[in-house]
Structure formats: structure tokens, C-alpha cells
There are 2 protein chains.
Amino acid sequence: MSRPLNLEEVGRRAGVSRSTVSRVVNGGSHVSSETKRRVEAVIAETGYRPHAAARSLASNSTGVIGLVIPSAVATLFDDPYFGRLILGISSATNDVSMTLALFLFGDGPDESSIISRVVTPGLVDGVIVTATTRGDPLIDHMQGTSMPFVVVGRPDNAGSTFCVDVDNRAGARTAALHLAGLGRRRPALIAAPSNTTAGVDRRNGFLEGLAEAGLSVESRISEGDWSQESGRRAMDRLLAERPDAVFVASDRMAVGALRAIREAGLDCPGDISVVSFDGIVPPDLTAPRLTSVVQPVTEVGERAVRLLTTVIGGASTPEHVVFPTELAVRESCGATPAAEPER
Amino acid sequence: MSRPLNLEEVGRRAGVSRSTVSRVVNGGSHVSSETKRRVEAVIAETGYRPHAAARSLASNSTGVIGLVIPSAVATLFDDPYFGRLILGISSATNDVSMTLALFLFGDGPDESSIISRVVTPGLVDGVIVTATTRGDPLIDHMQGTSMPFVVVGRPDNAGSTFCVDVDNRAGARTAALHLAGLGRRRPALIAAPSNTTAGVDRRNGFLEGLAEAGLSVESRISEGDWSQESGRRAMDRLLAERPDAVFVASDRMAVGALRAIREAGLDCPGDISVVSFDGIVPPDLTAPRLTSVVQPVTEVGERAVRLLTTVIGGASTPEHVVFPTELAVRESCGATPAAEPER
DNA sequence: GCCTCTCCTGGGAGCGCTCCCAACAATAGA
DNA sequence: TCTATTGTTGGGAGCGCTCCCAGGAGAGGC
């Protein structure tokens, strides 16, 4: 009974050949129903499962997709963003019975070894790359290989890649118009790092929206690094400029900004109206609750998987999927939520 | 030039056989330095990488370990716990040049399909299972297979499994003694779900510590579900009992509890001293900053990988690794941090 | 009764690797 | 000079699967 449990063995027990068992396992077409029944009985009884590596080798397809999250990982996981993204991706891979392989790397020597591991033939069928910084060498590297991949976010040279992003620019513009609509006249901006495309898009969108409303940030602008602490410091600096509103390019930085406002003895939204971006920090975590531009992170992840499967399937003309954002009006901006059917 | 790039082809170009190239790729012993040099040159020039599936099939080892996180995933990712755990695991798999496969499942029909996918032969070499609930059927299922696995957390039937856990009981006991040492006499408990071993251990440890100090919770006990909102409701209920201290079995619930205290017009730590468990919420997120029993989540993850590699290597006598916790004294308990060299 | 067409089934070849054994050359020892 | 030993190399076998082709059985048309 120590015979290995493979197709041949299952076939032997069911009185058929390896090939017939294989056909049953793969959907059962071109097999008589009687034979199929018998083979399935043996499979159920023995608990046979096809050997993944053998299957990958023979079919040249692994059923695994990789998710690459580069650099600065330690800080990234304090941000719920990646958790949500992984959730969406995982849910989509489950739907199509694929497995998710996670490639996280901090900076350092392991970076290059992981990059090359990602493109190892026979390991994954395709890769989802999260592009956080501009000019990320990872994207260039991927383009130099034949590994199918899609980018979550907007790389600089987006033209030639498949990518899934949210409309950061439009979302930020909406935030500007919302603040202007509330009668605020001295808006400030706590921007996200300008070496990320998301940071640039949010900044530009906000400035664009202000311009449309006849407003400007003038010198009321400061840049954070996504962290809560950086938001707090940025707000501290801005307070000297006496702003009556601030758009913070991420929820986490906004939490820090709220703290700075409170510690300066000012009131939000009374003295300063706050709108943030992400919609990812649980609203009840802050007081007042944050009004923010919500991006559909989980959907982005799901969509990235679906897009990747088409690339694996042979799609070759780059496709850019852009999700809209939605403004969730709560207390921090000073508007009465119910009175605001914003878009 | 459309010849497939495999061992044979690399060998052909370097004027040696498939076997010799294989030896070079795998460390280069029993190969003359001259030959080795030539082969390495060809590898560098062609960018050859061995085919993972073929290697797995031939060597019966995939270089992949699976991480299984069962049920209720959606809520879990709002908790930094799993992010940290993944970080530790990922860092350890990188160190040993292995790949991490993530199996997340919500409840529902996909649950059983994923469970069986995890034990597919030739997919992963071993699995790390996070045991959140007592009597988790997943553990039993894994024991019925020959797949090597280790559990993060303490399953009910821990005796027969390899596991890595933190000393929840001792940590909670420390919290009790700390509160007692501050002179609090009406301690309350916001417990974690009693269908989890961590919840049970933290509850028992806290009660044990109180007993040692001659105190008791009497009816000042309420159970949450790990969520912030449940912590808030639990605290609300407990306020009627006029406690002067509360131990909250998780950081997230503690954030909710602080909110309830504030909303009731009471002061923490003035009226109520708060100590929580996890040490995972960034201290600056709350005011006052939380005193909490810190568990070394990342280290647990790293250790789980190392333990799993020994199981894959053939270790057979169950090993239980238990990490100590450490009390981080901040403002919410009312002690002066510097004055407290707690253990 | 013969040929064709369809349906089902079996087995060869091959995916790219590892493992093992045999062969060979060069060197040392007797 | 012959044998033993070591270091290096090549190739067969096999991992478990998929893909493809060929062959047999049965049904139907002439």
C-alpha cells in the first residue's frame, strides 16, 4: 500500500488508464458516465489530488499569481491600505482557484534577489506589482522579461503597461471644490510625497480644483511622508499661515493633522475644515470623524487579478483601468453630512 | 535562437552536459573551477533561471510555504496584527530564499475548497496555520494529512502539534499586578472572545493576577469581539459598575473603551486606569497613550517559519515555543512611565 | 456486408529538473 | 608497470502530469 498515489495508481484501482483519470480530473469530457463515476469513486476514497508541480511542468501554467510589494514594508503595514488590497486580490484569486504568492521586500540586499525570484520560470503565471514610487526600477525590470504583469497604481511610463489605478486627480479636485463650496478661503495642503505618482496626482488635482473655484494655496503647502507623525508636523508648520481649511493627502496623515490642530487649541471643523484622502481609517477612530475621498481599494485588487488573467491569456494592448473615488462627508469638514450629495 | 533556455541549452553553449550545469547551479561542488567559470558566464549572459516547477517535481520540494488565515478576514485586516505577522513570516522566508503563499478565506463555500487546495501535493512544502478560534476544524484536518504544519497560537489539542505562541496568561497576570500595584481596588475586565484560546488565556491570567493581589472583578466583566466598537459598548456597560481600572484584552477594543470613558465625561487615567494587550496600535494614536502588554508579533512569525523548516526537515516530536510579553507603561494606566521597570 | 463517422480509451512522448551510477583522466602508491 | 584513488564529467532513469495520436467498438448509411 506504499505505492505512490498518482494518476497511474488511481487508474489502476479504477481499472482504467492514466489518461482517462486525467480526463476525469480535468472536467470529464470524452469519458463515458459509467467510467467517470468509477474513477470519481476511487478519487473520493483515496483522497487523490493531482501533484501541482507536475501539472505546472507539463501544462506550463502554475495557477499561482505573485503580488510584489516593494520597499519600506515595515511602515506600510501600519497602513490599512495594503491589507485591503491583499484582501481584494486574495478574494479574486480564490474565485478563479488560483493561489497567491506574496513577495514583500524591505530595502537592502535581498531586494535584487527577490526581484529575480519573482520572474523565475515555472513559479508564477503572472505578477501584480504595486508601484509606490516614481521611476521604480522594478517596473523597468519587469518590462525586460516575458513575465505577464499588471501594475496597481500609475507608473510613470504607464503607456506600455497594464495598470489599475484610482482617479486620484479627480478625487482631490472634488475635495477642493467641496472646501470651496463650504466658503473656506484660505485652503492649505498637506501633500503626499512627490516621488509617488499618487502624491503628484492628488496635489495637482487639489490645486486644479482650487483654481476652478478662484482660490489658491499660496504658501500654505507642506509635504508629509504618509505617516501620521509627518501629518502632525506638517500641520504644525501650516498653522502659522492661519488656514481655514486643509486637504490632507492621506487618512493617516490626517489623523496626525487633527492632533496638531487640537494641540494648538484650535477646533476642527470650527476653525479649520479637514478633508482627507483614502477613506481607509475607520471613521470612529477620530473625533471629529474624517470627511474623506474614498478610494475602492478592495475593488482595485479584484480588478487587478482579472486584468492579469487576461494578460496571462495573451492580451497585448495595454489597458488602463481607472476607478472613480467618492467623497464621504462626515464632521471634519464642517458640512452637515445629510445636506451634501457630493460627487 | 528560439531554442528553450534550459539546463541542456546552457550546457550546449558552455560545451558541457546538463549534469554539470546542474551542479554549478546548485553550489558548484565537484566541478573544476575552469568549467564552473565558463558555465557561470553563460548563465549570466543568457539570464538563465532554473524552472521552479521542474525542480519541484524532481526534488520533491517546492521552496514555498503556505500561510493560512481562516475566516472573518474582512475584519481581521483592520487589525495590524496580521500585517505584522505576515511581515515577520515574509522576512524569514526571504532569509531562507523561500516563497510565501497566502491562503485567506472568508467563511462560505470557498472555505473547504481552499482547505483542500492547501494540502495539494507539490504546491507547498509546509504550512503555517493561524489558529484563532477554539476547536478549529482546520487543525484537525491538517493533522489528517501528511503536510508539515505549525500553528501560530495555542490550539486546544496543542499536545500533538508544533506551535508558536505568546504567553498570554503571564502577560495578563502582569497587567493585573500592575493595576493592583497602582492602588486600584475595583478592577474591571473587557475580555476577548471566549471561543479563542488567546481570549481564555488572557482572561484567566488577569483573574489569577488579581487573586494574587487579593482583588476580584466580581461582576465587572464584559466580553468583546476584538473590534473597537465592541470595546466601546463593553466599557459603556461596565461604567455602571464604577470601576477604577480596566484591563482590555486587545488594543483595538481599548481604543473603543477610551472613547466610551471620554464620552461618559470621565478621565483616563484619573478616574479609570486602562491597560490593554497587544502593543500593536501606534501609541500616538490615542490620548492618553495606552499602557499595554506588548506581544512580539513579528518575532512570532519569524520563529514560526524557522520551526516549520525543522518540521519539513523531519522533526517529529512536537515543540511548543512560547514568547514572553512585556509591559509597556504609558499614560493610560496612571503610572509615571519612568518609575516603572515592570516585567 | 462494407465503409464511414463518432465516441471512448490507452499509451508514447515530453515538460526540465535531480539523482545516481558509470566512465574517464590524472595522479599517487606499490 | 600495474593498480588504487581521487576528481571530474556525461547520460540514463524517473518525478507526475498533459498533449496528441492511434486504435477499437459501436452505430448508421449505402
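Side chains are part of it too, since the values below use all heavy atoms of this structure and drop only hydrogens, waters and symmetry mates. What you see is a predicted model, and the numbers here were worked out from it, not measured in a lab. In what follows, chains are A, B, ... by sequence order, proteins preceding strands, each numbered from 1.
From the 5' end on, the contacts that DNA chain C makes with chain A at under 4.0 Å to a non-hydrogen atom open and close at dC8(C) to dG16(C).
Between Glu8(A) and the choices Arg13(A), Arg18(A), Arg3(A), the salt bridge (charged side-chain N to carboxylate O under 4.0 Å, His left out) rule is met once, by Arg18(A). The only member of Asn26(A), Val10(A), Asn6(A), Val31(A) that meets side chain to side chain contact (heavy atoms under 4.5 Å, CB included) when paired with Val21(A) is Val10(A).
Within the model, atoms NE2 of His51(B) and CG of Leu57(B) stand 10.5 Å from one another, a figure rounded to the nearest 0.5 Å. Taking CZ of Arg117(A) as the start and OG of Ser97(B) as the end, the distance is 5.5 Å to the nearest 0.5 Å. Interatomic distance, Ser29(B) OG to Lys36(B) NZ, rounded to the nearest 0.5 Å: 8.5 Å.
Using a 4.5 Å cut-off on side-chain heavy atoms (C-beta onward), Pro70(A) and Asp136(A) make contact. Residues Cys163(B) and Arg154(B) have side chains not in contact (no heavy-atom distance under 4.5 Å, counting atoms from C-beta outward). Contact annotation: the side chain of Ile69(A) approaches that of Phe82(A) to within less than 4.5 Å [non-hydrogen atoms, C-beta and beyond].
Salt bridge annotation for Glu34(B)-Arg37(B): present, with a cationic side-chain nitrogen under 4.0 angstrom from a carboxylate oxygen. With salt bridges taken as basic N to acidic carboxylate O contacts below 4.0 Å, none links Arg84(A) and Glu302(A).
In this structure, Arg38(B) atom CZ and dT8(D) atom P are separated by 14 Å, rounded to whole Å. Taking atom CZ of residue Arg23(B) and atom P of nucleotide dT9(D), one finds them 8 Å apart after rounding to whole Å.
The stretch residues 43-52 of chain B does not touch DNA chain D, since none of its heavy atoms comes less than 4.0 Å from the strand. Within residues 25-35 of chain B, the residues that have a heavy atom under 4.0 Å from DNA chain C are, in order of number, Asn26(B).
Bending across the helix from dG1(C)-dC30(D) to dA30(C)-dT1(D), expressed as the angle between its end axes from five pairs apiece, amounts to 60° (10° rounding).
Considering only residues two or more places apart in sequence or on other chains, Asp156(A) meets the salt bridge (Lys or Arg N to Asp or Glu O under 4.0 Å) condition with Arg134(A). Not a single salt bridge (Lys or Arg N to Asp or Glu O under 4.0 Å) links Arg306(A) to another residue, sequence neighbours left out.
Remark: the Ser19(B) side chain and the dG11(D) base include a donor-acceptor N/O pair separated by less than 3.5 Å.
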Evaluation steps, salt bridge (Lys or Arg N to Asp or Glu O under 4.0 Å), between Glu40(A) and Arg23(A): CA-CA 11 Å; Glu40(A) 283 172 341; Arg23(A) 276 185 285 260; over 6 Å; no
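In terms of position on DNA chain D, the residue among Ser59(B) and Thr20(B) whose nearest nucleotide sits closer to the 5' end is Thr20(B).
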